[in-house]
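Please read the structure below before turning to the comments.
Quick caveat: nothing in here was measured; it's all calculated off a predicted structure.
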Amino acid sequence: MEKYNHKKIEKKWQKRWEIDEPYKAEDFSEKEKSYLLIEFPYPSGDGLHVGHSRPYIGMDVIARKRRAEGKNVLYPIGWDAFGLPTENYALKTGIHPKEVTKKNTDTFRKQIKSLGISFDWSREINTTDPKYYKWTQWIFLQLFKKGLAYKASVAINWCLSCKIGLANEEVIGGRCERCGGETEKRQKEQWMLAIRKYAERLDKDLDDVDYIESIKIQQRNWIGKSNGAEIEFRIKNNKSRIKVFTTRPDTLFGSTYMILAPEHKLVQELKSQISNFGEIEKYIDDTKKKTEIERTAEGKEKTGVELKGVKAINPANKEEIPIYIADYVMVGYGTGAIMAVPAHDQRDFEFAKKFDLPIKMVVCPHYPAPTCPVLDEAYTNEGHLVVSGEFDGMENDEAGGKITKFVGGEMKTTYKLRDWVFSRQRYWGEPIPIIHCDKCGFVAVPEECLPVELPDIKDYKPTDSGESPLVKAEEWVNVKCPKCNRAGKRETDVMPNWAGSSWYYLRYTDSNNDKAFADEKNLKYWIPVDWYNGGMEHTTLHLLYSRFWHKFLYDIKVVPTHEPYQKRTSHGLILAEGGEKMSKSKGNVINPDEIVEIFGADALRMYEMFMGPFDQAIAWSTDNIVGVRRFLEKVWRLQEKVSDNKFDFNILLDGAIKKVGDDIEAMKFNTAVSSLMILANAYDAHKNFSKENYSILLILLAPFAPHVAEELWEKIGNKSSILKEKWPEYDISKTIVDKVQIAVQVNGKVRATVGILVDEDEESVKEKAISNDNVKKWTEDKEIKKVMYFKGKIVSIVTN
RNA sequence: GCCGGGAUGGUGAAAUUGGUAUACACGCAAGACUUAAAAUUUUGUGGGCGUAAGCCCGUGUGGGUUCGAUUCCCACUCCCGGCACCA
C-alpha cells in the first residue's frame, strides 16, 4: 500500500477541480437552490491566518453536503478591499493601494484555494473594482434622491499634531495611536445616511428571520426602541423651552433638576443669562476629550456644572428647578436633555447625591405611604404615586400617559440607533458621487457617468484642514455642474468600508452584469441568502447596515424580498496558542500555509472542525492536529480491509449517517467528526468489511476531507468523482434498540444499573430495581417511601 | 459601565436540553513490535481512601427548586465579543 501522501493527493485533486469546476452554481436550475454565504475577507497584508478559514471550512462542509443532497448550491467569495489598513500602508510606503490590494488578494486567493474550499470562483468580486463600486455609488445616489443621504455636522476624533481624522480604534486613552499626541472631538460636516427612518422595521422584521437569538437581542438593544413621552419645560425669564424625552413621565413631579448635554445648542443660546459661562466652557472642553464609554460609564463619579442664573420650571408642579450640563447626557439620544428624577433613576440619584440636590420620591411601593423612606439607591420598581397632586394614589403604570397629557406633552417612541456617518476624509474608498455647485447645491452625478473613479494620486495624507487627500487632485475635483453647467467641485469625501459590504451578496447572483447591479431574474432566483454565517463582532454594524440597504432597495423595488438573509449564525474566533488574539504585532499568527505543508489541507480542515464548538472562541493548538492526521491515516489504511466478507455494521452506520448529517446542519462539526472517528474505529476493530460500508464512510468524510476522500474513492475502483455521489440515507428503525441498561438511583445517587426491555412494564422494572443486590444494600434498614420509573430513562427510589 | 456570550479531567472538549458526568481526541504511564528510534499497536488514566469489592468528593463561587441539576432560579467572580470612523 502506498503511503498517505497529502501533498500529492491535494495537488492532484485541486488541479482536477480547477478544470472540471464542480462547484459552479447554476442560475435558474430546476434543483432546489441553496445560497450559502460567508463574510468576504478584507485582504490584509498579513495574509490569511487560520482564524479566517474556520468559517469558510464550516460553511464548505455544509455546501458539500447539500450538493450531495442534490441542491443547487451558490457558495461565492470576493474581497472587501477598501479600508484603512491598506491606506495607512500606502501612506507609509507610497505604494498605490491598488497595487497592494492586488498583491494581497493574489495571496489570499492562492491560500484559500490550497484549502480546497468549494467556492464558485467564477463569481469572484472585489469592492475596489470600478465595475463593482459603480453600483455602490449607484445605490448611494438612489438614497440621495430619496432624501436618505444628507449632510450634517458630526463630532469626529481629531489628532492635533497629525491633523488627521481618526477612527475610534486609533484613539488609545485619548491619544493618537500613531504619534501619541493629544486628540479631541471636532465638529465636521459629514454625509449621513438616515438609517433611523428604518429603525422600526429593522426591529420588527427580526421576527421574520431565522437568526440565532443572541443576534436578534443584540440588534434590538442596539436599535434601542423605547416608548416614552416628550415634555417641554419652560425656562424662567426666557422664551426658550427645553424639550426632554423620558420613559418615566409618571415621575415628573419628582423631577428636581434638569440636565443638558454639554453640546446642547441651548447652552450657547442662554449664554447671556449664565453667570458662570467660563466654567461651563471649560467643562465643554473637557468633555470633548472623553470617549463616549468614559462619559456614560455607570458607577463612575458623576461630573457636571450648574448653569447659574438660569432656572427651569417643572411643568407639573411649577417649581423652579436648576439646570446643569453633564457629560452623561448625550446630545444624540432623545432630545439631548433630560428631566432628572433622582429618586427613580440611578444615574440621576448618583448625580443628586454628589451635588446635594433634593431627592423627591413620587412612586412608593405602599399607598398611602406612612413616610417616604430614605433611599440609598434609586427606586425603579412600580408603585403608587405620592406628592403628585391630583395623581396621588394612581398606579404609576397608568399615570405616565395622564401626566403627559396634563402637561401638554406627547407620547413618543425613540430609538437609540443613530444615523450612519457615511463620510471618510480618506483616499481608499468609493468616491461619493456628488458635485457641489454654488447655485444648485449638492447635485447627483448623472447615472450614466458612473462610476466616479478614484483618481491616481501620490500623496495620501489628508490636508491640514482635515479634508480628504482627493482635494489635491484638482483636475478631478473641478468639474462642471451637471445641472447648470457652471463650475462645480466634486465631493472629496469617500465612503466607509461598510458601503461595499452592504450589498455584495446581491452582486454574487450576477457578478459580471454591467447593465444593473444584478439582473432581476437572478435576484429572484437566488435571494434571499439562505444561510449567512459570520462573526458576532459584525452583529450591530455590518449586519444592520446591510439589512438597511436591502430594505431600501426593496422599497424602490429592485430586490424581491424585504430581508436579505434568511438565517444567520456565528463562528467563534480562533485565538493564538496562549489564548490571546492573533495579531501580527504580537507575532503569534498561525499561517495556514505551514500547516497545509506539514499536515495537509484535509488535516487542517478536520482539525478546525474538530477543535471545539464552532460558535465558541478557541485557542489554536498545533499539537492537537496529530489526532485528526492519525484519523485520516487510519481511514487510508482501512482501504486494505475492504473485501467481500460482510460484517453487518448497519445499526452503527445508520446512527452515524443520521448523526453526521444532523450535526453538520446544526454546525456541530466537532461531534460530527467524532462520530466519523467512532465509525472508523469500529471498522478498524474488524478484519474486514464490505466496499459498501467503506464507501459510506468516504461519502460522509468527503465534506470534511475532500481530497483524501476523492483519492480513496478512486482507489476502491470508482471512475466518477465522489462529488457526484448522493448523500446516504438511513433507516431510523434500525437504530432503535429494544434492550437497554438503565440506572437505579437511591435518594438521588446512582447505586446500580439493571438491564430491561424498552417496553417492559413499569411494575416489572421496579421489581428488578428493588431486588438488585446493590440497591438492597442501600435500602435494607430503611423504609422505601417511593419508587419512580421514568420510561427508558431511570428508576428513582426514595427512602426515609 | 451597558448589551451579548462563556467557564466541565493535565489539555481541546462530550452529555439525546432535568435522568448513569467526562464520548471523541491530545497528553501522560506501562507493555508489544524493533538492534534502536520513529511509526503502529495493547492497556490504563477526574481527585481522595482502599489489596480489593467499594465508599466519599467532583461540572467557576455561594445559595435555592427537585426523587434527581453541567442543564432551571437568585446572587457573585473571572474570561471573550460589541459599544457606532478597525474590518
Is [X] salt-bridged to [Y], going by a charged N under 4.0 Å from an acidic O?
X         : Y         : result
Arg629(A) : Glu633(A) : yes
Lys151(A) : Glu491(A) : yes
Asp419(A) : Lys197(A) : no
Lys288(A) : Glu184(A) : no

Classify [X] by what it touches in the nucleic acid, base, sugar-phosphate, or nothing, heavy-atom distance under 4.0 Å.
X         : value
Ser621(A) : nothing
Arg751(A) : sugar-phosphate
Trp79(A)  : nothing
Asp80(A)  : sugar-phosphate
Pro41(A)  : nothing

Could you measure between the two C1' atoms, the one in rA21(B) and the one in rU70(B), and give it in whole Å?
->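 Looking at atom C1' only, rA21(B) and rU70(B) are 8 Å apart.
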Whole-angstrom distance between rU8(B) and rU71(B), as gauged at atom C1' |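 Pairwise C1' distance, rU8(B) against rU71(B), rounds to 12 Å.
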Between Lys634(A) and Asn681(A): side-chain donor-acceptor atoms closer than 3.5 Å =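 Asn681(A) and Lys634(A) do have a side-chain donor-acceptor pair below 3.5 Å.
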Report yes or no: do Asp663(A) and Thr671(A) form a side-chain donor-acceptor pair below 3.5 Å?
->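 The criterion, which ignores hydrogens and geometry beyond distance, is satisfied for Thr671(A) and Asp663(A).
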For Arg751(A), which residues count as a salt bridge (charged side-chain N to carboxylate O under 4.0 Å, His left out) partner, sequence neighbours excluded?
->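 Checked Arg751(A) against salt bridge (charged side-chain N to carboxylate O under 4.0 Å, His left out); zero matches.
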Scan for salt bridge (charged side-chain N to carboxylate O under 4.0 Å, His left out) pairs involving residues 739-748 of chain A, sequence neighbours excluded, and state none if there are none.
->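 Residue pairs with at least one partner in residues 739-748 of chain A: there are none.
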What would the secondary structure line of RNA chain B be in dot-bracket form, counting Watson-Crick and G-U wobble pairs under 3.5 Å, with [ ] for pairs that cross earlier ones and | for pairs with another strand?
-> (((((((..(((......[....)))((((((.......))))))((((....))))..(((((..]....))))))))))))....
Enumerate the residue pairs fulfilling ring pair (Phe, Tyr, Trp, His ring centres under 6.0 Å) with a member in residues 661-685 of chain A, sequence neighbours excluded, ordered by first and then second residue.
->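 For residues 661-685 of chain A, and leaving out neighbouring residues, the ring pair (Phe, Tyr, Trp, His ring centres under 6.0 Å) pairs sorted by first residue read Phe614(A)-Phe669(A), Phe649(A)-Tyr683(A), Tyr683(A)-Phe689(A).
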Could you run through nucleotides 59-81 of chain B and give me one letter per nucleotide, 5' to 3': B if any protein heavy atom sits under 4.0 Å from the base, S if only the sugar-phosphate is that close, - if neither?
-> --------BS------------B
Per-nucleotide protein contact string for nucleotides 38-51 of chain B (B base, S sugar-phosphate only, - none; heavy atom under 4.0 Å) = --SS----------
Kindly determine whether Glu760(A) and Lys768(A) satisfy salt bridge (charged side-chain N to carboxylate O under 4.0 Å, His left out), including the steps that lead there.
-> CA-CA 11 Å; Glu760(A) 191 162 329; Lys768(A) 267 189 195 165; 3.1 Å; yes
Is the side chain of [X] donor-acceptor paired with the backbone N or O of [Y] at a distance under 3.5 Å, no angle test?
X         : Y         : value
Ser468(A) : Thr492(A) : yes
Tyr427(A) : Leu91(A)  : no
Asn497(A) : Phe82(A)  : yes

Residues forming a side chain to side chain contact (heavy atoms under 4.5 Å, CB included) with Ser675(A), sequence neighbours excluded |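 Scan of Ser675(A) (side chain to side chain contact (heavy atoms under 4.5 Å, CB included), adjacent residues dropped) gives Lys659(A), Val660(A).
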Do any side-chain atoms of residues 741-749 of chain A form donor-acceptor pairs under 3.5 angstrom with protein atoms, and if so which ones, sequence neighbours left out?
from: Asn747(A); atom 1: OD1; to: Thr799(A); atom 2: N; distance (Å): 2.9
from: Asn747(A); atom 1: ND2; to: Thr799(A); atom 2: OG1; distance (Å): 2.9

By a strict heavy-atom criterion of less than 4.0 Å, which residues belonging to residues 422-432 of chain A are in contact with RNA chain B?
->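 Heavy-atom cutoff 4.0 Å gives Arg424(A), Gln425(A).
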May I ask you to list the residues of residues 602-612 of chain A, by number, that have any heavy atom positioned under 4.0 Å from an atom of RNA chain B?
->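 Phe610(A), Met611(A), in order of number.
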Would you indicate which nucleotide in [options] comes nearest to any side-chain atom of [X]?
X         : options                   : value
Leu417(A) : rA84(B), rA13(B), rC85(B) : rA84(B)
Leu541(A) : rU20(B), rC56(B), rA87(B) : rA87(B)
Arg418(A) : rC85(B), rA84(B), rC86(B) : rA84(B)
Trp222(A) : rA84(B), rG5(B), rC55(B)  : rA84(B)

May I have the list of side-chain donor-acceptor pairs in residues 774-794 of chain A shorter than 3.5 Å, sequence neighbours left out?
from: Thr779(A); atom 1: OG1; to: Val775(A); atom 2: O; distance (Å): 3.2
from: Thr779(A); atom 1: OG1; to: Lys776(A); atom 2: O; distance (Å): 3.4
from: Tyr789(A); atom 1: OH; to: Gly792(A); atom 2: N; distance (Å): 3.0

Taking only residues two or more places apart in sequence or in another chain, which ones pass side chain to side chain donor-acceptor pair (under 3.5 Å) with Glu189(A)?
->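 With neighbours one apart ignored, the set is empty.
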Between Asn221(A) and Ala155(A), who's closer to the 5' end of RNA chain B by nearest nucleotide?
->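 Upstream on the strand: Asn221(A).
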On RNA chain B, check which nucleotide each of Gln190(A) and Ile794(A) is closest to and give me the residue with the more 5' one.
->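 Here Ile794(A) is the residue nearer the 5' end.
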Does the side chain of Trp778(A) get closer than 4.0 angstrom to OP1 or OP2 of rC55(B) through an N or O atom?
->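 Yes, because at least one side-chain N or O of Trp778(A) sits under 4.0 Å from OP1 or OP2 of rC55(B).
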